[in-house]
Amino acid sequence: VNQRKLDQEVKTLQAQAAQFAKQTGQWITMVENFNQALKEIGDVENWARSIELDMRTIATALEYIYKGQLQPTCS
C-alpha cells in the first residue's frame, strides 16, 4: 500500500515538475521578447534623435539663407 502511494506521489511530482518546466520556459520567452522590444525602442529613440538633429541643421541652414536674401545688396 505504501509503495502504491509513493508511486502515485512520484507521478504527481513528475507531472508538476514538467508543468513548472513548461511554465518557466514560457516566462523565459516572455522576458527575451520584452528585452528585444526594449532594444527596438532604444533603436527608434536613437533614430528619432538623429532625424531631429538633421532637421534642426536643415532649419538653421534655411533660416540663414532666408535672412541672407532679405538683406539689401550693395551694388
Side-chain angles (χ1 to χ4, degrees):
V1 173
N2 285 341
Q3 185 63 41
R4 277 185 273 160
K5 286 182 182 179
L6 285 174
D7 289 344
Q8 185 60 36
E9 290 283 333
V10 167
K11 287 180 184 179
T12 302
L13 185 59
Q14 286 175 336
Q16 289 174 347
Q19 179 61 29
F20 180 72
K22 180 180 175 182
Q23 188 174 21
T24 302
Q26 291 172 342
W27 289 340
I28 289 170
T29 301
M30 281 182 12
V31 169
E32 289 172 349
N33 291 340
F34 182 69
N35 283 338
Q36 183 61 34
L38 288 177
K39 287 179 187 177
E40 290 171 6
I41 288 172
D43 291 344
V44 170
E45 187 177 2
N46 289 336
W47 173 81
R49 278 195 206 124
S50 177
I51 294 297
E52 182 181 11
L53 181 60
D54 290 347
M55 294 304 294
R56 286 181 190 211
T57 302
I58 291 168
T60 302
L62 290 173
E63 184 178 351
Y64 179 76
I65 291 168
Y66 178 73
K67 286 181 180 178
Q69 290 176 349
L70 291 180
Q71 293 179 0
T73 56
C74 297
S75 329

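Each residue takes its place number in the sequence, starting with 1. Scope of the values below: all heavy atoms of this structure, side chains included, with no hydrogens, waters or symmetry mates.
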Could you list who else is in Leu38's hydrophobic cluster, with ILVMFWY side chains joined at under 4.5 Å, directly or through other members?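 Hydrophobic cluster check, Leu38: joined to Phe34.
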
Inter- and intrachain pairs under side-chain hydrogen bond (donor to acceptor under 3.5 Å, both in side chains), touching residues 21-32, at least two apart: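 For residues 21-32, and leaving out neighbouring residues, there are no side-chain hydrogen bond (donor to acceptor under 3.5 Å, both in side chains) pairs at all.
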
Can you list every side-chain hydrogen bond (donor to acceptor under 3.5 Å, both in side chains) pair that touches residues 52-61, not counting sequence neighbours?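 Matches after skipping sequence neighbours: Glu52-Arg56.
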
Taking only residues two or more places apart in sequence, or in another chain, which ones meet Gln19 in a side chain to side chain donor-acceptor pair (under 3.5 Å)?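 Expected list: none.
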
Output all residues satisfying side-chain contact (heavy atoms from CB on, under 4.5 Å) with [X], sequence neighbours left out; order by chain, then residue number.
{"X": "Gln16", "value": "Thr12, Leu13"}
{"X": "Arg49", "value": "Glu45, Asn46"}
{"X": "Glu40", "value": "Gln36"}
{"X": "Ile65", "value": "Gln69"}

Same cluster or not: Ile28 versus Phe20, using hydrophobic residues (I, L, V, M, F, W, Y) connected whenever any side-chain heavy atoms lie under 4.5 Å apart?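 No; Phe20 is not reachable from Ile28 via cluster members.
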
Throw together a table of side-chain donor-acceptor distances under 3.5 angstrom for residues 2-10, partners on residues two or more places apart or in other chains.
unit_1, atom_1, unit_2, atom_2, d
Gln3, NE2, Asp7, OD1, 3.1

Salt bridge (Lys or Arg N to Asp or Glu O under 4.0 Å): pairs with one or both residues in residues 59-71, sequence neighbours excluded: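 Residue pairs with at least one partner in residues 59-71: Glu63-Lys67.
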
